[in-house]
Engineer: 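For reference, the structure I am asking about is given below.
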Amino acid sequence: MKRKVPPVEAKDGNWQDNPGSLPQGFHDLNPYAPYFSYSSVPNVPYLDLGIYRESRVKSLIKAHSKDMYRLLEKVNFDGKYYRVKCVNSGEWECCWDLAVRVQFFGKMQGVVLYPKRLVSRKEKKIVYRSVILVNPYQLWDETLVTRFWNLQERVEFLIARILFHECIHLMISLGNTLPSGFGNTDIYLEFRKMLEISSSNKLLSERHEVEFRLWSLVLFGASDSESEQTLLKRVQEIYEFLINEKYSNQKTGNIFHSPSNNEQLARRYAWIAAVKAGGNGQISKRVWQVEVRRLSIALRGLYNGIDALLLER
C-alpha cells in the first residue's frame, strides 16, 4: 500500500507574513473540512464527489505533462498543504506548498489562490503557499454526458481538465517567482514563447490597441493618489494575464479535446480584465461597457494574430 505523504504543518517561529495577492479569508483552509461535497442536481438528490479516484486523475494529467504530475504527485486533494518544491538561492531556501480541494462552489470551474508568502529570517527560508479549488459543477453538461456515460469516469475527467488548467497558472507563477532557471518547465517556456509572439513586430498594432484599451480602463478605475508608473505597471500585469489565459485555455483545450474559441475567450477575459483594471466606479456603467466591448474586439484580433504566427512556426 502506498504511504500517504504527510501534510505540511505550520511551524512556530519568526515567520513574517506577506500575503501578496491572496484574498483575505483564503490564506488557510480548514483542515477538518471534508474534501468532497454534496450537490443537488437534476434528477439526482445528492452527489458524493468522494467517488473519484485521485490516482486516476493524476494518471490523466501525467499522460500529458510529466512536470505537472511531479507537482501534484505528493499532493492529496484534501485541502491540506503539501510541500511540492524546494530550491536553494544563495543562502536562502525557497519552498512551495500546495493545497488542492475539490468541492462545489457556484459556477466557477476552478480558481488558483496565489501564494501567501512566509519569510523566516532565522531559518533563511521563504515559503510560498498556494491553493487550487476545483469545482466540477459541469458534470451534467450534455457533451460530457454523451462522452462519458460512466459517472465516475466523467467526474475524474472533469476534475483532471480543470486541475490541469489551474496548474498551468500555478506553473507560470512558479516560473515567475522562483530564482532564475528553477521554474523553467515546458509549460512555463511555452507560455513565455506565446508572450514573446504577442509582442512581436508583426502584431505591433494589435498589441498597442489592446494596451490602449487597457490604459483607458485603468484610468477609469484609478485613484487620485496612483502615479502614472503604477498605472502603466497595472496595464502590463493585466496584459500578461490576458496572454496567460489565452495560453492556458488553448493548452487545456487541445489536450482534453475542448478547443477554445478566440471570440468567446476575448469576450470573457475582456470583462475580467476590466474588473482588474479598477471597475466603473468613476464613470457611467454604459461608458464602461462600451470600452469593455472595444477591448474585447481588440483582444480577439490579438488572439487571432497569435494563432496565425504560431501556425507559421
Side-chain angles (χ1 to χ4, degrees), residues 18-27 105-116 131 133 135 137 165-166 168-169 172-173 176 191 194-250 260-308:
N18 295 289
S21 59
L22 192 62
Q24 184 67 29
F26 286 102
H27 287 162
F105 56 94
K107 291 192 175 182
M108 182 180 291
Q109 290 189 64
V111 62
V112 177
L113 304 178
Y114 282 108
K116 176 184 182 182
V131 180
L133 301 179
N135 176 21
Y137 78 94
H165 178 99
E166 300 306 331
I168 289 176
H169 293 311
I172 291 172
S173 180
N176 288 332
F191 162 71
M194 181 176 285
L195 189 61
E196 290 172 7
I197 287 174
S198 76
S199 299
S200 70
N201 289 332
K202 291 183 179 181
L203 295 177
L204 197 60
S205 61
E206 289 87 348
R207 175 170 60 90
H208 283 172
E209 182 66 16
V210 169
E211 290 175 335
F212 175 75
R213 298 303 170 192
L214 288 174
W215 175 251
S216 298
L217 288 162
V218 164
L219 286 179
F220 290 159
S223 65
D224 295 336
S225 61
E226 291 181 297
S227 66
E228 182 177 339
Q229 184 177 2
T230 299
L231 300 181
L232 285 170
K233 182 179 178 183
R234 188 176 304 158
V235 167
Q236 291 306 309
E237 288 174 348
I238 298 174
Y239 179 84
E240 184 165 327
F241 157 78
L242 291 170
I243 304 304
N244 189 322
E245 289 295 349
K246 162 67 174 168
Y247 172 75
S248 302
N249 279 275
Q250 185 168 299
S260 56
N261 179 296
N262 282 337
E263 184 174 357
Q264 293 175 340
L265 285 180
R267 202 162 48 236
R268 181 193 314 162
Y269 290 109
W271 182 84
I272 296 175
V275 173
K276 283 178 171 286
N280 63 343
Q282 299 184 30
I283 57 170
S284 71
K285 184 177 180 180
R286 180 179 173 279
V287 172
W288 186 77
Q289 288 175 333
V290 168
E291 200 59 36
V292 174
R293 282 198 297 272
R294 288 172 175 167
L295 173 59
S296 175
I297 294 169
L299 189 57
R300 184 179 62 199
L302 179 64
Y303 283 172
N304 288 338
I306 290 172
D307 287 345

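The structure displayed is predicted, hence computed values, not measured ones. We number each residue from 1, following the sequence as shown.
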Engineer: Where do L302 and Y239 land on the side-chain contact (heavy atoms from CB on, under 4.5 Å) test, with the steps shown first?
Structural biologist: CA-CA 11 Å; L302 179 64; Y239 179 84; 3.8 Å; yes
Engineer: Between R294 and E291, does at least one N-O distance fall below 4.0 Å, as a salt bridge requires?
Structural biologist: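 Result for this pair is yes, salt bridge flagged.
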Engineer: Check side chain to side chain contact (heavy atoms under 4.5 Å, CB included) between Q109 and all other residues, then give those that pass, not counting sequence neighbours.
Structural biologist: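 With sequence neighbours excluded, Q109 shows a side chain to side chain contact (heavy atoms under 4.5 Å, CB included) to Y137, Q138, R161, I162, given in chain and number order.
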Engineer: At what distance, to the nearest 0.5 angstrom, does CD1 of I238 lie from NZ of K233?
Structural biologist: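 The NZ atom of K233 is 12.5 Å from CD1 of I238, to the nearest 0.5 Å.
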Engineer: Where the side chain of N262 meets the backbone of R300, is there a donor-acceptor pair that is under 3.5 Å apart?
Structural biologist: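 The answer is no, because no donor-acceptor pair under 3.5 Å joins these two groups.
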Engineer: What distance separates Y303 OH from M194 CE, expressed to the nearest 0.5 Å?
Structural biologist: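 Y303 atom OH to M194 atom CE measures 9.0 Å (nearest 0.5 Å).
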Engineer: Is it true that, when you exclude F212 itself, more than 12 heavy atoms of the residues, nucleotides or ligands shown sit nearer than 6.0 Å to its CZ?
Structural biologist: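 Check fails, neighbour count at 12 or below.
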Engineer: Can you tell me how far apart CD (Q264) and OG (S296) are? Round to the nearest 0.5 Å.
Structural biologist: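 Here the rounded value is 11.0 Å.
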Engineer: Carefully, step by step, assess L232 and Q236 under the rule side-chain contact (heavy atoms from CB on, under 4.5 Å).
Structural biologist: CA-CA 6 Å; L232 285 170; Q236 291 306 309; 5.9 Å; no
Engineer: Give me the atom names and distance for the closest heavy-atom approach of Q250 to D307.
Structural biologist: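 Heavy atoms only, the tightest pair is OE1-OD1, 3.0 Å.
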Engineer: Minimum heavy-atom separation for A274 to W288, with atom names?
Structural biologist: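 Smallest interatomic distance, heavy atoms only, reads CB-CZ2, 3.4 Å.
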Engineer: Under the salt bridge (Lys or Arg N to Asp or Glu O under 4.0 Å) test, which residues partner K202, sequence neighbours left out?
Structural biologist: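 For K202, the residues satisfying salt bridge (Lys or Arg N to Asp or Glu O under 4.0 Å) (neighbours in sequence not counted) are E312.
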Engineer: Which atom names give the shortest non-hydrogen contact between S199 and R207, and what distance separates them?
Structural biologist: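 So the minimum-distance heavy-atom pair works out to CA-NE, 3.5 Å.
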Engineer: Considering only heavy atoms from C-beta outward, does the side chain of L133 approach that of E166 to under 4.5 Å?
Structural biologist: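 Counting from C-beta outward, L133 and E166 never come under 4.5 Å.
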Engineer: Rounded to the nearest 0.5 Å, what separates atom CG in L203 from atom CD in E209?
Structural biologist: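 So the gap between those two atoms works out to 13.5 Å.
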Engineer: Between V235 and E211, which heavy-atom pair has the shortest distance, and what is it?
Structural biologist: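 The pair with the smallest heavy-atom distance is CG1-O, 4.1 Å.
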Engineer: Roughly how far, to the nearest 0.5 Å, is the CH2 atom of W271 from the CG atom of L295?
Structural biologist: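 Spacing of CG (L295) from CH2 (W271) equals 13.0 Å.
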Engineer: Among I306, I243, N244, I172, which residue meets the side chain to side chain contact (heavy atoms under 4.5 Å, CB included) test with L195?
Structural biologist: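 Of the listed residues I306, I243, N244, I172, the side chain to side chain contact (heavy atoms under 4.5 Å, CB included) partner of L195 is I243.
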Engineer: Could you tell me which residues satisfy salt bridge (Lys or Arg N to Asp or Glu O under 4.0 Å) with E206, sequence neighbours excluded, listed by chain and number?
Structural biologist: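 For E206 there are no salt bridge (Lys or Arg N to Asp or Glu O under 4.0 Å) partners, ignoring immediate neighbours.
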Engineer: Looking at OH of Y269 and CD of E245, how far apart are the two atoms once the value is rounded to the nearest 0.5 Å?
Structural biologist: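 Here the rounded value is 3.5 Å.
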Engineer: Let me see the working for K276 and L217 under side-chain contact (heavy atoms from CB on, under 4.5 Å), right down to the final yes or no.
Structural biologist: CA-CA 9 Å; K276 283 178 171 286; L217 288 162; over 6 Å; no
Engineer: Which is it for K246 and L242 under the side-chain contact (heavy atoms from CB on, under 4.5 Å) test, yes or no, and what are the steps along the way?
Structural biologist: CA-CA 6 Å; K246 162 67 174 168; L242 291 170; over 6 Å; no
Engineer: Heavy atoms only: give me the nearest S248-I168 pair and the separation to one decimal.
Structural biologist: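 It is OG-CG2, 3.3 Å.
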Engineer: So, do H169 and F191 sit near enough that their side-chain heavy atoms are less than 4.5 Å apart?
Structural biologist: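 No, their side chains stay 4.5 Å or more apart.
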Engineer: Determine the minimum heavy-atom distance between A273 and F241, stating which atoms define it.
Structural biologist: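 Between these two residues, the closest heavy atoms are N-CE2, 4.4 Å.
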